[in-house]
Amino acid sequence: MTAPFTPSEIWYLLSRIPKGCVVTYGQLANMAGAPGYARVVGNILKQLPAGTDLPWHRVINGKGQISFPDGSSRYNLQKLRLEQEGVNISYGKVNLKAHQWHGE
DNA sequence: ATCATGACGGCTG
DNA sequence: TCAGCCGCCATGA
């Protein structure tokens, strides 16, 4: 827990992501003022309670892909939620140019 | 203290 | 464009 930011900071940033948009783990780290801490952001999302209201599904990796094994239940849930928000996913990848959120 | 493992990312062939 | 490989930081055995 020597990270330069706290889980609550990440939770706040998460709550700010507009519906229909996505951000990458590395982006959240940068927004928190901690370049290089992408994996740590992932650790924090991993610890979110199952029924959380935070839009964790709007976070994907830098390749525009969902960071869960293809076909796993979590993968399917994230994909479903994104598509319901109008995020286009083709060939397992999100069109970052079109949906990536760049800040307020 | 060391090693393996992640909801990661950048560089390279 | 894409698969490999390697670096990164935290956590748990």
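Residue numbering restarts at 1 for every chain, and letters A, B, ... go by the order of the sequence lines. Only this structure's heavy atoms are used, side chains among them; waters, hydrogens and symmetry mates stay out. Since the model is a prediction, treat every value here as computed from it, not as a measurement.
Every residue meeting the side chain to side chain donor-acceptor pair (under 3.5 Å) condition with A:Gln27, not counting sequence neighbours, appears here in chain and number order: A:Gln100. Scored by the side chain to side chain donor-acceptor pair (under 3.5 Å) test, A:Ser8 finds A:Thr6 as partners (sequence neighbours excluded). For A:Arg58, the side chain to side chain donor-acceptor pair (under 3.5 Å) partners at least two apart in sequence or on another chain are A:Glu85.
Non-hydrogen atoms lying under 4.0 Å from DNA chain C are contributed by A:Gly36, A:Tyr37, A:Arg39, A:Val40, A:Asn43, all within residues 36-46 of chain A. For residues 83-104 of chain A, proximity to DNA chain C is found at A:Lys93, defined as any non-hydrogen atom under 4.0 angstrom from a strand atom. Contacts between residues 55-81 of chain A and DNA chain B, counted as heavy-atom distances below 4.0 Å, involve A:Trp56, A:Asn61, A:Gly62, A:Ser67, A:Phe68. Within residues 19-31 of chain A, the residues approached by DNA chain B to less than 4.0 Å at the level of any non-hydrogen atom are A:Thr24, A:Tyr25, A:Gly26, in residue-number order.
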For residues 11-21 of chain A, please give each side-chain donor-acceptor pair under 3.5 Å, one per line with the distance, not counting sequence neighbours.
{"from": "A:Ser15", "atom 1": "OG", "to": "A:Tyr12", "atom 2": "O", "distance (Å)": "2.6"}

Tabulate below the donor-acceptor pairs under 3.5 Å that side-chain atoms of residues 74-83 of chain A make, not counting sequence neighbours, or state none.
{"from": "A:Asn76", "atom 1": "ND2", "to": "A:Gly71", "atom 2": "O", "distance (Å)": "3.2"}
{"from": "A:Asn76", "atom 1": "ND2", "to": "A:Ser72", "atom 2": "O", "distance (Å)": "3.3"}
{"from": "A:Gln78", "atom 1": "NE2", "to": "A:His57", "atom 2": "O", "distance (Å)": "3.0"}
{"from": "A:Gln78", "atom 1": "NE2", "to": "A:Val59", "atom 2": "O", "distance (Å)": "2.9"}

Please tabulate, for the side chains in residues 45-54 of chain A, all donor-acceptor contacts under 3.5 angstrom to protein atoms that are two or more places apart in sequence or on a different chain.
{"from": "A:Gln47", "atom 1": "NE2", "to": "A:Asn43", "atom 2": "O", "distance (Å)": "3.2"}
{"from": "A:Thr52", "atom 1": "OG1", "to": "A:Leu54", "atom 2": "N", "distance (Å)": "3.1"}

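Residues A:Tyr37 and A:Pro4 share a closest heavy-atom pair of CE2-CD, 3.3 Å.
At a threshold of 4.5 Å between non-hydrogen side-chain atoms, the residues A:Phe5 and A:Ile44 count as touching. In this structure, the side chains of A:Val40 and A:Ile10 stay at 4.5 Å or more apart for every pair of heavy atoms.
A donor-acceptor pair is defined here as one N or O able to donate and one able to accept, closer than 3.5 Å; no such pair exists between the side chain of A:Asn30 and the backbone of A:Gly33.
Bracketed by its first and final contacts, the part of DNA chain B lying under 4.0 Å from non-hydrogen atoms of chain A reaches from B:dG6 to B:dG9 in 5' to 3' order. For DNA chain C, the outermost nucleotides in 5' to 3' order that have an atom under 4.0 Å from a heavy atom of chain A are C:dC2 to C:dT11.
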